[in-house]
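Structure first, then comments.
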Amino acid sequence: DAKTTQPTSMDCAEGRAANLPCNHSTISGNEYVYWYRQIHSQGPQYIIHGLKNNETNEMASLIITEDRKSSTLILPHATLRDTAVYYCIVRRPYNTDKLIFGTGTRLQVFP
Amino acid sequence: NAGVTQTPKFQVLKTGQSMTLQCAQDMNHEYMSWYRQDPGMGLRLIHYSVGAGITDQGEVPNGYNVSRSTTEDFPLRLLSAAPSQTSVYFCASSPGDTYTGELFFGEGSRLTVL
């Protein structure tokens, strides 16, 4: 599975858009990009995933570059409750695949 | 629908003791897995299972045993606990097969080995 690189930490003002980058330059054609977050010490929570097209759901948007070597998770209007560690993961969609977490980006949303 | 349930939530062990962390899911998911998370670190995969009767090792399997006798349950056994196994343990499940969606996580089991 491809490795990912994320900044260690980021800050964002409440109400502003939070843009979290992820580099996955070794991604292969059948690998999806997944984003999860972990609030405090709770179990990780799924946010969104995509293959090549941009995706949007009620939580966030995912922008994947045309060459698929990087992506950005966008929280359009960050709130204090979005303070969490965000994990970018690249994964093949097979039942034997293993979801490998890195250390993620710690997003701090401030008032 | 309870999702993924882990018990116990907290446990303190002495070195050399054994115990089992329980994980149950009521979503009829084929895929289940165990992760550990040390302070300030990301999650590391211990063992996983793609269906009843099938298990495999993840990144950090040493010191842990698993079995999958039913679709619902995936217990994690520590045969002889060591202080290095002090961690938070998360169980997760997903529908499996070629499903490309999300993993569902439990709330974690916090283990301290003295």
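Only heavy atoms go into these numbers, but all of them, side chains included; no hydrogens, no water, no symmetry mates. So that the names make sense, note that chain A is the first sequence line, chain B the second, and so on, each numbered from 1.
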If Ile, Leu, Val, Met, Phe, Trp and Tyr residues are connected whenever their side-chain heavy atoms lie under 4.5 Å apart, and connections chain through other members, are B:Y48 and A:I89 in the same group? yes
Quick one: what part of B:Q37 sits under 4.5 Å from any heavy atom of chain A, side chain, backbone, both or neither? side chain
Any donor-acceptor pair under 3.5 Å linking the side chain of A:Y36 with the backbone of B:L103? yes
Provide the closest heavy-atom pair for A:S41 versus B:F90 in the form atom of the first, atom of the second, distance. O-CZ, 3.6 Å
Is chain A contacted by the side chain of B:R110, its backbone, both, or neither, given a heavy-atom distance below 4.5 Å? side chain
Given the rule that I, L, V, M, F, W and Y join up when any side-chain heavy atoms are under 4.5 Å apart, are B:Y64 and B:L43 in one cluster? no
Give a yes or no on whether B:Y35 and B:M19 share a hydrophobic cluster (residues Ile, Leu, Val, Met, Phe, Trp, Tyr; joining criterion: side-chain heavy atoms under 4.5 Å apart). no
Locate the shortest heavy-atom distance separating A:Y46 from B:E102; write the atom from each residue and the value. CG-CB, 3.2 Å
Single-linkage hydrophobic cluster A:Y87~A:I63, side-chain heavy atoms < 4.5 angstrom: no
May I ask whether A:I48 and A:M10 are part of the same hydrophobic cluster, defined by side-chain heavy atoms of I, L, V, M, F, W, Y residues being less than 4.5 angstrom apart, directly or through others? yes
